[in-house]
**Q** 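The structure is given below, and queries will be raised subsequently.
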Amino acid sequence: MRKDVINLNKKGNKKNNSKWYIAGIILLILAIIASIAIYFYMNKNKDKENTLAYTDLIKQVEAGNIEKIEMTVGSTSLKVKIKNEDEEKKAIVPNTQTFMELIQSKVQEGNEIELIQNKVNPLVTISQNLFSLLPTLIMIALIVLLFQMQGLGDKGKVYDAEEKDTKTKFDDVAGLDEEKHELAEIVDFLKKPEEFHKMGAKVPRGVLLCGKPGTGKTLIAKAIAGEANVPFISMSGSEFIEMFAGLGASRVRKLFEKARKMSPCIIFIDEIDAIGARRTSNSGAESENNQTLNQLLVEMDGFESEENIIVLAATNRPEMLDQALLRPGRFDRQIMIAAPDQRGREEILKIHSKDKKFAEDVSLKTISEDTAGFTGAELANVLNEAAIIATINKHEAITNQDLDDAVKKVTVGLEKHSRIISDKDKKLTAFHEAGHAIVSRYLETQNDIKEVSIIPRGVAGGYTMYKTNEDKYYISKTEMEEKMISLLGGRAAEKIALDDISTGASNDLEVATKIAKDMVTVYGMSENLGPISLKTDDPNELLIYGEKIEDVIGAEVKILMDTAYNDAQKILLAHMDELNAVAKKLLEKEVISGREFYEIVG
Ligand code: ADP
Ligand code: ZN
């Protein structure tokens with residue numbers, strides 16, 4: 001496949017948005033604090049000129065310079081008028097009584113001091129106090145506002161959602177018979193917990209559902225709730241990450257609080273790896289994450305036996321999870337939800353075709369055979385796309401062609417007829433795709449060609465489509481090597497035919513390199529390292545094998561890649577006529593079928 005380098009990192013964008021949002025709020029707060037500080041500072045300066053320090057006040061009293069004192073009952077602050085000064089000054093006395101005794105003694109000595117004593121005027125004091133409290137009040141209002149916004153977000157974003165009356169049943173989940181069988185026990189427990197308690201039976205508290213996105217983990221969790229007729233409370237781990245500090249843990253607490261009120265019920269935590277990743281050092285965002293995880297552990301340990309709550313969690317990366325999560329009493333049961341096999345796919349297609357109209361010659365079995373590796377979500381998507389395409393084409397019912405187009409749309413993306421491609425680009429793409437096709441043709445383990453196209457689709461400039469055969473559980477070393485050769489066939493053809501190379505091979509290179517890396521580090525297939533698993537999420541772990549191991553891995557991967565590239569070149573050089581003929585045909589027709597391809601290459 002020829003892919004343009006386009007960054008489609010949507011998730012990253014979303015994160016950035018929320019970062020900007022938080023940054024904005026922080027800026028706002030800083031601005032307000034700054035203005036308050038300035039306000040205080042200026043006021044203070046003004047006050048300073050106008051305030052008499054206590055020692056100075058005493059000096060003035062002793063000197064007999066006081067003309068007038070105005071004070072309020074219960075307040076230590078007072079106003080004084082000093083002889084020969086226009087303005088009254090403020091002063092604060094530590095102890096009103098001592099101060100008054102001093103004044104009295106001065107009056108007795110013959111000083112004329114006008115003494116005004118105000119009764120407390122509640123309105124005045126409150127408004128004065130309010131004024132002095134203003135900055136504090138603004139701060140409090142802001143904090144409340146922040147939490148409010150957080151709360152509003154809750155309602156809009158639905159951090160946790162509950163369905164009291166889930167209609168989903170096991171029958172809505174196609175395939176996965178063994179998994180359903182295993183989970184039926186939980187349904188029984190939720191239905192009649194007393195019986196289990198009476199017998200002293202221990203039912204798992206937490207079940208971890210492991211599998212790729214779209215394989216039906218949420219669906220099956222919901223079906224458990226539907227079968228047992230209990231509420232389904234769900235939330236996604238990834239949402240915790242975007243929250244303000246400290247809120248993750250409290251959110252977990254609230255989630256379980258809610259569940260306890262609704263028990264018996266099911267809690268479903270999607271993408272649990274987002275909060276349950278292995279705990280690390282106690283720094284910054286990580287310790288925030290740790291808090292959330294710790295709270296989850298605390299909640300799960302705190303279950304009383306009469307609380308009939310089952311926690312289901314889904315992840316695609318169980319190996320990332322903190323080991324503490326998998327201990328007894330927590331997620332001690334794990335169920336693999338694999339992508340469906342051919343029969344499973346046929347059943348899923350059946351379920352999702354219930355409300356759709358198909359042309360008579362459409363066979364769900366054929367579609368299921370053409371979609372090896374598709375998840376349930378992708379299959380549902382294919383049928384929906386086919387219905388859309390059929391509607392646009394004004395077909396009476398969904399045809400085989402609509403379905404074919406839908407499969408392509410889901411795998412490679414939409415055809416882009418509008419993109420204007422230069423002749424040079426077209427030629428490059430034609431040779432690139434012809435290269436993939438020809439190289440695969442001469443490799444034993446590679447699948448037959450179904451279609452080759454130089455019409456851009458999605459992010460791909462062109463594509464070579466293979467027929468799929470039945471899902472395999474094991475892949476041989478030869479097969480992996482040959483897959484790399486066929487992937488590098490595109491780049492090799494560009495070089496040989498046009499003596500130039502393009503960015504279009506970036507995805508091929510990425511996939512091939514990943515295969516090579518896996519061969520060396522995961523499957524122990526490299527000559528120099530032999531049978532050893534170096535699979536790890538933490539690059540530091542490699543150090544236990546010695547520091548040189550990285551270099552050896554790199555060298556081994558390079559050998560595999562170079563060998564594959566050389567082999568691809570060799571095959572192409574031996575079949576130059578065919579390469580030219582296929583590329584020419586592609587430039588002519590833009591799409592050639594498998595049949596047309598084999599007419600040229602035999
Ligand atoms: P996950 O939680 O594993 O990412 P979901 O349960 O959200 O996947 O699946 C998404 C959608 O795909 C479901 O709503 C359903 O329409 C479809 N689907 C997935 N697996 C199956 C299945 N086994 N049977 C029927 N539909 C499925
Ligand atoms: Zn390619």
Side-chain angles (χ1 to χ4, degrees), residues 1-5 166-180 183 208-225 232 234 236-238 268-273 312-316 335-341 343-355 368 374-384 410 412 428-440 452-454 456-457 459-466 483-494 501-512 568:
M1 195 183 292
R2 194 162 173 265
K3 276 198 180 173
D4 296 337
V5 193
T166 312
K167 295 274 179 291
T168 313
K169 293 275 151 60
F170 274 158
D171 274 350
D172 299 311
V173 186
L176 301 175
D177 291 334
E178 274 166 50
E179 290 81 357
K180 279 193 264 185
L183 292 164
L208 193 63
L209 304 169
C210 312
K212 277 207 291 187
T215 43
K217 298 182 293 296
T218 313
L219 188 70
I220 207 166
K222 242 185 216 175
I224 296 173
F232 179 81
S234 64
S236 173
S238 65
F268 178 69
I269 305 174
D270 203 1
E271 298 176 71
I272 194 172
D273 39 287
L312 295 166
T315 180
N316 187 27
I335 296 182
M336 266 305 296
I337 310 279
D341 60 6
R343 253 197 39 218
R345 291 196 297 274
E346 199 178 335
E347 276 181 46
I348 293 172
L349 288 166
K350 226 179 260 164
I351 283 185
H352 288 279
S353 58
K354 269 182 193 148
D355 52 349
S368 73
F374 276 46
T375 63
E378 282 166 333
L379 291 168
N381 200 4
V382 164
L383 290 180
N384 188 46
V410 170
V412 219
L428 204 71
T429 312
F431 274 100
H432 180 102
E433 297 305 334
H436 282 309
I438 303 272
V439 168
S440 307
V452 189
S453 163
I454 57 167
R457 239 179 207 284
V459 289
Y463 59 89
T464 303
M465 233 185 175
Y466 299 88
K483 177 85 200 169
M484 289 171 61
I485 300 173
S486 84
L487 278 166
L488 295 178
R491 161 65 60 96
E494 289 178 29
I501 52 179
S502 75
T503 57
S506 70
N507 188 255
D508 297 335
L509 291 173
E510 200 182 315
V511 177

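Whatever order the structure lists them in is the order used to number ligands and atoms, beginning at 1.
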**Q** Judged by non-hydrogen atoms, does His352 sit under 4.0 Å from ligand 1?
**A**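 It does, in that a heavy atom of His352 comes within the 4.0 Å cut-off of ligand 1.
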
**Q** List the closest protein heavy-atom neighbour of atom 8 (O) of ligand 1: residue, atom name, distance to the nearest 0.1 Å.
**A** Gly216 N, 3.2 Å

**Q** Less than 3.5 Å between some nitrogen or oxygen of Ala380 and one of ligand 1, yes or no?
**A**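 No, no N or O pair falls under 3.5 Å.
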
**Q** Just jot down the ligand 1 atoms closer than 4.0 angstrom to any heavy atom of Pro213, in number order.
**A**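 Taking each heavy atom of Pro213 in turn, ligand 1 has 4 (O) under 4.0 Å.
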
**Q** Give the residue, atom name and distance (to 0.1 Å) of the protein heavy atom nearest atom 23 (N) of ligand 1.
**A**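 Looking at atom 23 (N) of ligand 1, the protein heavy atom closest to it is Ala174 O, 3.0 Å.
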
**Q** With respect to Asp270, determine whether any N or O atom, backbone or side chain, lies less than 3.5 Å from an N or O atom of ligand 1.
**A**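 Among all N and O atoms of Asp270, none is under 3.5 Å from an N or O of ligand 1.
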
**Q** To which protein heavy atom is atom 1 (P) of ligand 1 closest, and what is the distance rounded to 0.1 Å?
**A** Gly214 N, 3.4 Å

**Q** If we only count heavy atoms from C-beta on, is the Phe232 to Thr168 side-chain gap below 4.5 Å?
**A**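 They are not in contact (no side-chain heavy atoms under 4.5 Å apart), so the answer is no.
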
**Q** Return the closest protein heavy atom for atom 12 (O) of ligand 1 as residue, atom name and distance.
**A**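 Looking only at protein heavy atoms, the one closest to atom 12 (O) of ligand 1 is Ala377 CA, 3.1 Å.
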
**Q** Which atoms from ligand 1 have a heavy atom of Ile348 less than 4.0 Å away?
**A**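 Per the distance check, 22 (C), 23 (N), 24 (N).
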
**Q** Under the 3.5 angstrom rule, does the side chain of Glu346 hit a backbone N or O of Ser368 as a donor-acceptor pair?
**A** no

**Q** For ligand 1, which atoms sit closer than 4.0 Å to a heavy atom of Asp172?
**A** 24 (N), 25 (C)

**Q** For Val173, is at least one N or O under 3.5 Å away from an N or O on ligand 1?
**A** no

**Q** Tell me whether Glu433 has at least one N, O or S atom under 2.8 Å from the Zn ion (ligand 2).
**A**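 Under 2.8 Å: Glu433 has no N, O or S contact with the Zn ion (ligand 2).
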
**Q** Within the 4.0 Å heavy-atom shell around Leu219, which atoms of ligand 1 are there?
**A** 6 (O), 21 (C), 22 (C), 24 (N), 25 (C), 26 (N), 27 (C)

**Q** Should the proximity of Ile351 to ligand 1, defined as any heavy atom under 4.0 Å, be assigned to the side chain, the backbone, both, or neither?
**A** neither

